[in-house]
Amino acid sequence: QFLTQEANVVFYNNAEEVMGHRSKKLRQTYSVDDYAAALFALSPPKTVWMTMGPLPLHHGTEEEISSMRKKYKLSPSSSSSYYTMEVLSLGSDVVSWTLDTTKKVQIYKYTRSSSWGESSFLCANPSCAWAQKAKPIPTVVTHNHEKKIDLFLGNKSSKFITEKRRIINSTCNNCNIQMRTTTRRRKKTTKTNP
């Protein structure tokens, strides 16, 4: 509740993808970054999130969606997406967790737009009726997550419970086309012996 209603500036340390693919367990669909992206989308307008790595917000910023809509001759809208993003460089040799002192460290500044209360985006598919009407698509959706719980009440037994978790939606509810995908490739690391 604090992150989605009260905070107006959040620092989220997801450097080196520790909250991305590296945080997933076996057969787990979503990473910690996926849930953090949903928290950002649920935050109030004008909230700023500073992150050490990109968030998996696959549908695009206001500028990117507006550009796509313009390219396909769809009506412009100031509410094409719910956020803006800037990449800021901190320079090199500014962190202690890497031995590569020449690597430039970047941070990502995500700002929730003030144009819409709830986070949503517009489809940019020229043949989609929702895109033509500029109908907003909800960004955050709820999915059911089944979790195993071990119970130790006399005899050892387990049961499964279902939790509702919120994640980011990047697919148009009308035409089922995913707006944009940004893939993050894991960097190859080499071990050096000191």
*Begin with the C-alpha distance, continue with both residues' side-chain angles, and end with the deciding distance and a verdict on side-chain contact (heavy atoms from CB on, under 4.5 Å) for M68 and L74.*
CA-CA 9 Å; M68 285 173 53; L74 294 166; over 6 Å; no
*Could you give the distance from OG (S80) to CZ (F121), rounded to the nearest 0.5 Å?*
11.0 Å
*Apply the test side-chain contact (heavy atoms from CB on, under 4.5 Å) to residues C123 and C175: give CA-CA distance (whole Å), side-chain angles for both, the deciding distance (0.1 Å), then the verdict.*
CA-CA 9 Å; C123 183; C175 67; 3.8 Å; yes
*In chain order, what residues pass the ring-ring contact (aromatic ring centres under 6.0 Å, His included) check against Y30, with sequence neighbours excluded?*
H143
*Would a 4.5 Å heavy-atom cut-off, applied to side chains only, mark E17 and D33 as touching?*
no
*For S31, check side-chain hydrogen bond (donor to acceptor under 3.5 Å, both in side chains) against everything at least two apart and list the hits.*
D34
_Could you walk me through whether S120 and T139 satisfy the side-chain hydrogen bond (donor to acceptor under 3.5 Å, both in side chains) test, starting with their C-alpha distance in whole Å, then the side-chain angles of each, then the deciding distance to 0.1 Å, before giving a yes or no?_
CA-CA 5 Å; S120 51; T139 300; 5.5 Å; no
*Can you name the salt bridge (Lys or Arg N to Asp or Glu O under 4.0 Å) partners of K104, sequence neighbours left out?*
none
*Give the C-alpha distance, both sets of side-chain angles, the deciding distance and a yes or no for side-chain contact (heavy atoms from CB on, under 4.5 Å) between L57 and Y110.*
CA-CA 10 Å; L57 301 169; Y110 293 91; 3.8 Å; yes
*State whether the side chain of T171 and the backbone N or O of N176 hold a donor-acceptor pair below 3.5 Å, judged by distance alone.*
no
*Ignoring hydrogens and angles, tell me if any N or O in the side chain of N169 forms a donor-acceptor pair with the backbone of V140 under 3.5 Å.*
no
*asked:* Once rounded to the nearest 0.5 Å, what's the spacing between atom OG of S67 and atom OH of Y72?
replied: 10.0 Å
*Would you give the length of the straight line joining atom CZ of R69 to atom CD of E64, rounded to the nearest 0.5 angstrom?*
15.0 Å
*With T47, which residues qualify under side-chain hydrogen bond (donor to acceptor under 3.5 Å, both in side chains), at least two apart?*
none
_Quick one, L55 and N14 - any side-chain contact, counting heavy atoms below 4.5 Å?_
yes
Let me check something: any side-chain donor-acceptor pairs from residues 125-134 under 3.5 Å, sequence neighbours excluded? List them with distances.
{"residue": "N125", "atom": "OD1", "partner": "S127", "partner atom": "N", "Å": "3.2"}
{"residue": "N125", "atom": "OD1", "partner": "S127", "partner atom": "OG", "Å": "3.0"}
{"residue": "Q132", "atom": "NE2", "partner": "P126", "partner atom": "O", "Å": "2.9"}

*Distance, nearest 0.5 Å, that separates CG of N8 from CH2 of W49*: 13.0 Å
*Close side-chain approach of C172 and L122, heavy atoms under 4.5 Å*: no
*Can you tell me how far CD1 of I107 sits from NZ of K109, rounded to the nearest 0.5 angstrom?*
9.0 Å
*Carefully, step by step, assess S113 and E62 under the rule side-chain contact (heavy atoms from CB on, under 4.5 Å).*
CA-CA 9 Å; S113 302; E62 284 183 351; 2.4 Å; yes
_Rounded distance [0.5 Å steps], CG in N174 versus NZ in K135_ = 7.5 Å
*Between the side chains of Q178 and S170, does any donor sit under 3.5 Å from an acceptor?*
yes
*side chain to side chain contact (heavy atoms under 4.5 Å, CB included) against Q106, all qualifying residues, sequence neighbours excluded*: V87, Y108
*Are M50 and Y12 side-chain neighbours, meaning at least one heavy-atom pair lies under 4.5 Å?*
no
